[in-house]
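Worksheet: the structure to be examined is printed underneath.
The shown structure was predicted, so the numbers you read here are calculated from the model rather than taken from an experiment.
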Amino acid sequence: MLTHARRPAFDPLTLLASAAAAALLLTAALLTAPRVDAADTVAVDISGFAFQPGTVTIQVGDTVTWTNNDGTPHTATSTDNPALFDGQMAPGGSFSFTFSDAGTFDYVCKIHPAMQGTVVVEAAAASPGASQLPDGAMGSGSGDRMPLNVVLGIGLIALSLLAWSGAARRRARPMP
Ligand code: CO
(Lines give C-alpha, C1' and ligand atoms only; values in the text may rest on other atoms or scores of the structure.)
Protein backbone atom coordinates (compact mmCIF):
# COMPACT_ATOMS: atom_id res chain seq x y z
CA MET A 1 0.00 0.00 0.00
CA LEU A 2 1.08 3.57 -0.37
CA THR A 3 2.41 4.71 3.01
CA HIS A 4 4.36 7.68 1.75
CA ALA A 5 1.49 9.99 1.15
CA ARG A 6 2.69 13.55 1.45
CA ARG A 7 2.38 14.92 4.94
CA PRO A 8 1.55 18.55 5.57
CA ALA A 9 4.61 20.69 4.93
CA PHE A 10 4.55 22.10 8.46
CA ASP A 11 3.95 19.85 11.43
CA PRO A 12 3.75 21.44 14.88
CA LEU A 13 7.27 20.45 15.94
CA THR A 14 8.80 21.82 12.78
CA LEU A 15 6.89 25.01 13.35
CA LEU A 16 8.11 25.10 16.96
CA ALA A 17 11.71 24.58 15.89
CA SER A 18 11.41 27.28 13.25
CA ALA A 19 9.89 29.66 15.76
CA ALA A 20 12.68 28.96 18.23
CA ALA A 21 15.31 29.55 15.56
CA ALA A 22 13.62 32.78 14.54
CA ALA A 23 13.44 33.90 18.17
CA LEU A 24 17.13 33.13 18.56
CA LEU A 25 18.07 35.19 15.52
CA LEU A 26 15.88 38.06 16.63
CA THR A 27 17.30 37.97 20.14
CA ALA A 28 20.86 37.88 18.87
CA ALA A 29 20.19 40.76 16.50
CA LEU A 30 18.51 42.87 19.16
CA LEU A 31 21.23 42.26 21.73
CA THR A 32 24.22 42.71 19.48
CA ALA A 33 23.25 45.20 16.78
CA PRO A 34 22.69 48.25 19.01
CA ARG A 35 25.89 47.60 20.88
CA VAL A 36 27.76 50.86 21.19
CA ASP A 37 31.36 51.09 22.19
CA ALA A 38 31.73 52.10 25.79
CA ALA A 39 32.73 55.72 26.21
CA ASP A 40 36.46 56.17 26.32
CA THR A 41 38.67 58.65 28.08
CA VAL A 42 41.61 59.94 26.08
CA ALA A 43 44.55 61.55 27.83
CA VAL A 44 46.37 64.65 26.63
CA ASP A 45 49.61 65.38 28.41
CA ILE A 46 50.68 68.97 28.86
CA SER A 47 54.44 68.97 29.02
CA GLY A 48 57.15 71.32 27.82
CA PHE A 49 54.53 73.97 26.98
CA ALA A 50 52.83 71.70 24.48
CA PHE A 51 49.74 69.51 24.23
CA GLN A 52 50.74 65.94 23.52
CA PRO A 53 49.39 64.59 21.31
CA GLY A 54 48.47 67.84 19.62
CA THR A 55 45.48 66.24 17.88
CA VAL A 56 43.28 63.54 19.33
CA THR A 57 40.42 61.83 17.52
CA ILE A 58 37.55 60.54 19.63
CA GLN A 59 33.89 59.61 19.27
CA VAL A 60 30.84 61.44 20.52
CA GLY A 61 30.45 60.69 24.22
CA ASP A 62 34.16 60.25 24.83
CA THR A 63 36.06 62.32 27.35
CA VAL A 64 39.38 64.08 27.01
CA THR A 65 41.42 64.55 30.16
CA TRP A 66 44.25 67.05 30.07
CA THR A 67 46.93 66.77 32.73
CA ASN A 68 49.36 69.59 33.38
CA ASN A 69 52.78 68.12 33.97
CA ASP A 70 54.53 71.44 33.71
CA GLY A 71 55.58 73.60 36.64
CA THR A 72 53.41 76.48 35.51
CA PRO A 73 49.64 76.90 35.10
CA HIS A 74 48.04 76.15 31.73
CA THR A 75 44.56 76.10 30.30
CA ALA A 76 42.79 74.08 27.65
CA THR A 77 40.37 76.57 26.13
CA SER A 78 38.38 76.00 22.97
CA THR A 79 38.72 78.80 20.44
CA ASP A 80 35.03 79.01 19.61
CA ASN A 81 32.95 81.80 21.08
CA PRO A 82 31.56 81.20 23.60
CA ALA A 83 34.19 78.66 24.51
CA LEU A 84 32.83 75.14 24.60
CA PHE A 85 35.34 74.31 27.32
CA ASP A 86 37.80 76.30 29.37
CA GLY A 87 39.85 74.25 31.77
CA GLN A 88 42.29 75.85 34.17
CA MET A 89 45.07 73.65 35.42
CA ALA A 90 47.55 74.40 38.13
CA PRO A 91 50.82 72.45 37.99
CA GLY A 92 49.91 68.79 38.47
CA GLY A 93 46.24 69.51 37.90
CA SER A 94 43.93 68.03 35.33
CA PHE A 95 40.76 68.93 33.49
CA SER A 96 38.23 66.68 31.79
CA PHE A 97 35.60 67.46 29.18
CA THR A 98 33.09 65.11 27.61
CA PHE A 99 32.27 65.85 23.97
CA SER A 100 28.61 65.35 23.14
CA ASP A 101 28.71 66.78 19.61
CA ALA A 102 30.68 65.80 16.56
CA GLY A 103 33.06 68.33 15.08
CA THR A 104 36.60 69.63 15.08
CA PHE A 105 37.44 71.66 18.13
CA ASP A 106 40.61 73.74 18.22
CA TYR A 107 41.85 74.88 21.57
CA VAL A 108 44.70 76.86 23.04
CA CYS A 109 46.26 77.68 26.33
CA LYS A 110 44.97 81.15 27.13
CA ILE A 111 48.17 81.92 29.01
CA HIS A 112 50.45 80.72 26.24
CA PRO A 113 48.56 81.14 22.95
CA ALA A 114 51.32 79.38 21.04
CA MET A 115 50.15 76.18 22.76
CA GLN A 116 47.53 74.79 20.41
CA GLY A 117 45.69 71.55 20.07
CA THR A 118 42.73 69.97 18.30
CA VAL A 119 40.07 67.50 19.31
CA VAL A 120 38.33 65.74 16.41
CA VAL A 121 35.02 64.27 17.53
CA GLU A 122 33.52 61.71 15.18
CA ALA A 123 29.82 60.94 15.18
CA ALA A 124 29.13 57.58 16.79
CA ALA A 125 26.79 56.76 13.89
CA ALA A 126 29.72 57.10 11.51
CA SER A 127 30.59 53.49 12.31
CA PRO A 128 28.06 51.36 10.45
CA GLY A 129 26.33 48.96 12.76
CA ALA A 130 26.89 46.14 10.29
CA SER A 131 30.62 46.29 10.82
CA GLN A 132 30.26 46.38 14.59
CA LEU A 133 28.06 43.29 14.68
CA PRO A 134 30.86 40.78 14.03
CA ASP A 135 33.02 42.34 16.73
CA GLY A 136 30.26 42.02 19.27
CA ALA A 137 29.32 38.53 18.13
CA MET A 138 32.90 37.39 18.60
CA GLY A 139 32.97 38.80 22.11
CA SER A 140 36.24 40.53 21.32
CA GLY A 141 35.13 43.84 22.72
CA SER A 142 34.77 44.94 26.29
CA GLY A 143 31.07 44.10 26.40
CA ASP A 144 30.43 41.75 29.29
CA ARG A 145 26.89 40.94 28.10
CA MET A 146 28.20 38.98 25.14
CA PRO A 147 29.02 35.67 26.87
CA LEU A 148 25.44 35.50 28.16
CA ASN A 149 24.16 36.13 24.65
CA VAL A 150 26.35 33.35 23.29
CA VAL A 151 25.18 30.89 25.93
CA LEU A 152 21.56 31.84 25.29
CA GLY A 153 22.04 31.48 21.56
CA ILE A 154 23.72 28.08 21.77
CA GLY A 155 20.99 26.85 24.09
CA LEU A 156 18.27 27.98 21.70
CA ILE A 157 20.05 26.39 18.76
CA ALA A 158 20.34 23.10 20.66
CA LEU A 159 16.65 23.17 21.57
CA SER A 160 15.71 23.90 17.98
CA LEU A 161 17.85 21.02 16.67
CA LEU A 162 16.38 18.64 19.24
CA ALA A 163 12.84 19.54 18.30
CA TRP A 164 13.71 19.36 14.63
CA SER A 165 15.35 15.93 14.82
CA GLY A 166 12.47 14.62 16.91
CA ALA A 167 10.03 15.67 14.23
CA ALA A 168 12.24 14.11 11.54
CA ARG A 169 12.41 10.80 13.43
CA ARG A 170 8.63 10.64 13.71
CA ARG A 171 8.36 11.27 9.98
CA ALA A 172 10.92 8.51 9.23
CA ARG A 173 9.09 5.88 11.32
CA PRO A 174 5.41 6.02 10.56
CA MET A 175 3.15 4.31 13.04
CA PRO A 176 2.54 0.63 12.07
CO1 CO B 1 50.06 77.26 28.85
Any residue meeting side chain to side chain contact (heavy atoms under 4.5 Å, CB included) with [X], in chain and number order, not counting sequence neighbours:
| X | value |
| --- | --- |
| T63 | T41, T65, S96, T98 |
| T57 | V120, E122 |
| T77 | T75, A83, D86, K110 |

Verify whether one side chain among T118 and D106 offers a donor that lies under 3.5 Å from an acceptor in the other.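 Yes, side-chain donor-acceptor contact under 3.5 Å.
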Tell me the salt bridge (charged side-chain N to carboxylate O under 4.0 Å, His left out) pairs involving residues 71-82, sequence neighbours left out?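 Matches after skipping sequence neighbours: none remain.
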Provide the full list of salt bridge (charged side-chain N to carboxylate O under 4.0 Å, His left out) pairs with a residue in residues 44-53, sequence neighbours left out, each pair given once.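 Residue pairs with at least one partner in residues 44-53: there are none.
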Keeping the roles fixed (side chain from N68, backbone from D70), state whether a donor-acceptor pair exists under 3.5 Å.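 Checking the backbone N and O of D70 against the side chain of N68, a donor-acceptor pair under 3.5 Å is found.
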Apply the hydrophobic cluster definition, ILVMFWY joined by side-chain contacts under 4.5 Å directly or through others, and give me every member besides F95.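 Members besides F95, by chain and number: V42, V44, I46, F49, F51, V56, I58, V60, V64, W66, L84, F85, M89, F97, F99, F105, Y107, M115, V119, V121.
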With heavy-atom distances below 4.5 Å as the criterion, would you say the side chains of Q88 and P73 are in contact?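 Answer no - side chains too far apart.
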Could you pull out the closest heavy-atom pair between P53 and A43, with the gap in Å?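 Minimum heavy-atom contact is CD-O, 4.0 Å.
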Would you name the heavy atoms of A123 and A102 that are closest together and state the gap between them?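 Heavy atoms only, the tightest pair is N-CB, 3.7 Å.
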